[in-house]
Amino acid sequence: MKAVMNYLKISCACILMAILPVACDTDEFLENANKANLTDKTQWESETNADVFLNDVYSELPNKLNQTETLDYFSDDYNISHYYTASNWRQGVTQIPSSSTDNPWGGTQGPTYGYTWQNFFVKIRKCNTFIQKLTENKANFSEAYYSKRIDEARFLRAFFYSEFFVHIGGLPIITVPLDRNTMSPEELLQPRKTFQETFDFIVNELDQVVKGEHLAVKYNSSDKDAGRATLGAALAVKGWIELFGASPLFNTATPYLPDPGKFVHFGNFDASRWAKAAATNKQFIDKYGNGQRYNLFGDLKKIFRVSNEYNSEVIWDRQVVANVGGMGSSYEQRGGPTYVLGEYRSWGNYNPTQELVDQFAMANGKPITDPTSGYNPQKPYANREKRFYDAIVFDGAVYKQDWMPRADTIYTRIDATYPNPDRTNQIDLAGKTDVGDSGYYQKKRLNPDAAPGADASGQNYIFFRYAEILLNFAEAQNEAAGPDASVYDAINKLRARSELPALPAGLSKDAMRTAIARERRVELCFEDKRFLDNKRLGAAATVMNKPRHNMVIRNSVPANNSGVWVYTIEEEKKYKVKFELKQYMSPIPQNVLDQNAGIKQNPGY
């Protein structure tokens, strides 16, 4: 149910310069077709009117399925085209922007994914305004409504902070609307807080929401409040941020570059951070999971169907409405096979790398590197695990989505006999067309009901699902206590759904860490997780400094294809990859630094 997507547009244009929000004229503060010309007074006279404002805060959740670049573009799971901001980033080009920007076309500011310095503080101002106004007019609302909506706003504020925190590090902590008409420069020019202070603010806010128990644990699709914040969402985000903070890049006394202000690291190593992350995710499993309100959905490939929204696995999502300008999803238009049934259908952007494909196990559960696995490099797609066929379109794959009148077979091989190769899906090593350049296309997350098109899909964007809770717990618990029975149990639940045997007993801590990392990369592929995992684990400096690889398939007798098809893994050569340590965090715009001396730049810029 798309209840919360009846978003209302604020008519007052509040211009936010850096972190200096100005006071808005509150006369006729909101306009809405159903509640026209609400004033600041009438806005807060009833619960219905107040919800108009809060619904607009929900509209600040980025519609990530409509973003030109996903976070996976900045990872080793995709090959991407040369004209994106991600292409510059992958060549080590990240520079301080003059002002806030989310330009995806050849920009140099690094990943934003729905957040800039300016629009982040617009989101925070809206949260703070709602909390302040609801509190000032508390007498107009029932106690139950007041407590619930305050916690929704606090959750949204903490969530917005968590999303920007993972890209920037320490941030100014602002909990009231800033007003230059009544506040001093010292009150307006809030300094940047440390990594620890920002981390603590996010975790404490979410913890108080969970302990308050004013929100529902979970909503179903038929519930009128589906799409609003829940206790499950609050605990999931808390567990994720604790895992993020416990990870090696931040949980250290030795930052990746000098960081005297401690904006991008804690300043010490504390093993208990792993234990806290494990405890929070275990709390979710014990209190809300294991089939109570959340559980693994039976069929992974069907999780993302519109008809299965708010299924047992979905914890927190952003609602999307098809065929409404700016509110629908264009995700399918940007990726998947470029040509379907002979027609141009997508930009062909989502090109999985060979590195990702190699992480999918064989059907017997063994990695392809195991000499006893049965893997044949000249028949690389035979007898692979179920998730491989659900996620990857490979050479010779039968491709059928429900919007298609019939099935198609996708060939990425180089067929020298074809008269017009640019009109097929065969690999485009030169990068001159929209056809994929890795030998693979993505299938997972594409809406099977929606033909590619602008705003054509109504598939919600899932921020967190229960599988990630299991993975978060397993990783944190293994680091805190080693591979005990609870770690095996969490990972084996995921393997069982994918019809894989349980992990072998007796794994060492290091071996279990490797197994968890593989499960995480496969289970969560194409869900915008890999970039953040490479960051927090300090892996980007290694994996993003290596060329990615493609699967190139040629016939041994190319003149007439009378020979055998030979599978060769070749280095991706369109540009030279490079990762600089400063790229672990994004730069702060120059105009922000110019306007507020309390804001210091991230290391290396």
Check: What's the verdict on side-chain contact (heavy atoms from CB on, under 4.5 Å) for Lys64 and Arg318, showing C-alpha distance, side-chain angles and the deciding distance?
Finding: CA-CA 8 Å; Lys64 296 190 176 186; Arg318 200 272 192 195; over 6 Å; no

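- The OG1 atom of Thr108 sits 4.0 Å away from the CD atom of Gln95 when rounded to the nearest 0.5 Å.
- No donor-acceptor distance shorter than 3.5 angstrom exists from the side chain of Lys133 to the backbone of Phe53, with no hydrogens or angles considered.
- Taking the six-membered ring where the residue is Trp, Tyr83 and Trp105 present tilted rings, their angle falling between 30° and 60°.
- The two residues Arg154 and Ile131 come nearest to each other via the heavy atoms CG-CD1, 4.0 Å.
- Between Asp102 and Gln118 the shortest side-chain heavy-atom distance does not fall below 4.5 Å.
- A donor-acceptor contact closer than 3.5 angstrom is absent between the side chains of Thr101 and Gln109.
- Looking at Tyr389 and Lys443, their side chains never come closer than 4.5 Å, going by heavy atoms from C-beta outward.
- Of the possible donor and acceptor atoms, one in the side chain of Arg497 sits under 3.5 Å from a partner among the backbone N and O of Phe297.
- Ring pair Tyr219/Trp316: centre-to-centre distance not below 6.0 Å.
- Ion pairing of Arg521 with Asp77 is present here, as a side-chain N (NZ or NE/NH1/NH2) and a carboxylate O approach within less than 4.0 Å.
- A donor-acceptor pair under 3.5 Å is absent between the side-chain atoms of Asn534 and the main chain of Ser75, judged by distance alone.
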Next item on the list: I would like to know whether Leu171 and Phe120 meet side-chain contact (heavy atoms from CB on, under 4.5 Å); could you show each step before the answer?
Entry: CA-CA 11 Å; Leu171 294 162; Phe120 167 72; 4.1 Å; yes

Margin query: Would Asn447 and Ser457 count as a side chain to side chain donor-acceptor pair (under 3.5 Å) here? Give the steps.
Written below: CA-CA 7 Å; Asn447 184 351; Ser457 174; 2.8 Å; yes

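- When side chains are defined from C-beta on, Glu152 does not count as touching Asp225, because their heavy atoms never get closer than 4.5 Å.
- Listed for the Asn88 side chain is a donor-acceptor partner under 3.5 Å among the backbone atoms of Gly106.
- Of the candidates Phe160, Trp240, Phe159, Phe159 is the only one forming a ring pair (Phe, Tyr, Trp, His ring centres under 6.0 Å) with Phe463.
- Between Arg157 and Phe201, some side-chain heavy-atom pair lies under the 4.5 Å cut-off.
- Distance alone, capped at 3.5 Å, places no donor-acceptor pair between the Asn425 side chain and the Thr412 backbone.
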Margin query: Show, in sequence, the C-alpha distance, side-chain angles and deciding distance for Asn79 and Tyr440, and conclude whether the side chain to side chain donor-acceptor pair (under 3.5 Å) test is met.
Written below: CA-CA 10 Å; Asn79 278 347; Tyr440 302 102; over 6 Å; no

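- Looking at every heavy atom in both residues, Pro589 comes nearest to Ile96 through C-CG2, 4.2 Å.
- Shown here is Lys302, whose NZ atom has no more than 12 heavy atoms of other residues, nucleotides or ligands within 6.0 Å.
- Put simply, CD on Gln190 and CD1 on Ile174 are 5.5 Å apart, with the number rounded to the nearest 0.5 Å.
- The two residues Val320 and Tyr461 make their nearest non-hydrogen contact at CG2-N, 4.2 Å.
- Between Trp89 and Met544 there is a side-chain heavy-atom pair separated by less than 4.5 Å.
- Counting only heavy atoms from C-beta outward, the side chains of Pro172 and Phe121 approach each other to under 4.5 Å.
- Ion pairing between a basic and an acidic side chain is recognised when a charged N comes within 4.0 Å of a carboxylate O; Glu163 and Lys123 show no such pairing.
- Figure legend: Arg149 and Phe141 shown without cation-pi pairing, the cationic atom not lying both under 6.0 angstrom from the six-membered ring centre and within 45 degrees of its axis.
- Looking only at distances, a side-chain donor or acceptor of Ser330 sits under 3.5 Å from a matching main-chain atom of Asp455.
- Using cut-offs of 30° and 60° on the angle between ring planes, the pair Phe284 and Tyr294 is tilted.
- With hydrogens and angles disregarded, a donor-acceptor distance shorter than 3.5 Å links the side chain of Asn311 to the backbone of Glu313.
- One finds the OG atom of Ser329 at 6.5 Å from the CG atom of Asn63 (value rounded to the nearest 0.5 Å).
- Distance alone, capped at 3.5 Å, places no donor-acceptor pair between the Ser100 side chain and the Thr116 backbone.
- Contact between Gly335 and Leu446 at its shortest, heavy atoms only, is O-CD2, 4.2 Å.
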Note to self: Apply ring pair (Phe, Tyr, Trp, His ring centres under 6.0 Å) to residues Phe244 and Phe199 and explain how you reach the verdict.
What the structure shows: CA-CA 10 Å; Phe244 186 81; Phe199 172 89; 8.9 Å; no

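- When atom types are taken as modelled, the side chain of Gln319 and the backbone of Ala226 share a donor-acceptor pair closer than 3.5 angstrom.
- Among residues two or more places apart in sequence or in another chain, the ring pair (Phe, Tyr, Trp, His ring centres under 6.0 Å) test is passed with Tyr73 by Tyr78, Tyr84.
- The CG atom of Asp428 sits 9.0 Å away from the CG atom of Asp434 when rounded to the nearest 0.5 Å.
- A salt bridge does not link Asp72 with Arg530: every distance from a Lys NZ or Arg NE/NH1/NH2 to an Asp or Glu carboxylate oxygen is 4.0 Å or more.
- At least one donor-acceptor pair closer than 3.5 Å links the side chain of Glu69 to the backbone N or O of Ala86.
- Heavy atoms only, all atoms of each residue included: Phe526 and Ala391 are closest at CE1-O, 3.7 Å.
- Using a 4.0 Å cut-off between a side-chain N of Lys or Arg and a carboxylate O of Asp or Glu, Arg305 and Asp299 do not qualify as a salt bridge.
- For the pair Leu235 and Ile469, the minimum side-chain heavy-atom distance is 4.5 Å or more.
- Listed by chain and residue number, Phe464, Glu468, Leu524, Glu527, Asp533 satisfy the side-chain contact (heavy atoms from CB on, under 4.5 Å) test with Lys529 (two or more places apart in sequence, or in another chain).
- Salt bridge Arg465/Glu523: present, at least one basic N to carboxylate O contact under 4.0 Å.
- Around NZ of Lys444, the count of heavy atoms belonging to other residues, nucleotides or ligands within 6.0 Å exceeds 12.
- Atom CG of Leu532 and atom CZ of Arg536 lie 8.5 Å apart (nearest 0.5 Å).
- Note: Arg445 CZ to Tyr331 OH = 4.0 Å, rounded to the nearest 0.5 Å.
- In plain terms, the two heavy atoms of Leu494 and Ala467 that are nearest each other are CD2-CB, 3.6 Å.
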Notebook entry, point to check: Could you go step by step and tell me if Gln333 and Trp347 meet the side-chain contact (heavy atoms from CB on, under 4.5 Å) rule?
Noted result: CA-CA 6 Å; Gln333 186 180 48; Trp347 300 358; 4.1 Å; yes

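- Taking 4.0 Å as the cut-off between side-chain N and carboxylate O, Asp408 and Arg345 do not count as a salt-bridged pair.
- Considering only heavy atoms from C-beta on, Tyr145 comes within 4.5 Å of Leu134 through its side chain.
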Checklist line | Test log, rule side-chain contact (heavy atoms from CB on, under 4.5 Å), inputs Ile168 and Ser586 | finding: CA-CA 6 Å; Ile168 300 295; Ser586 295; 4.1 Å; yes

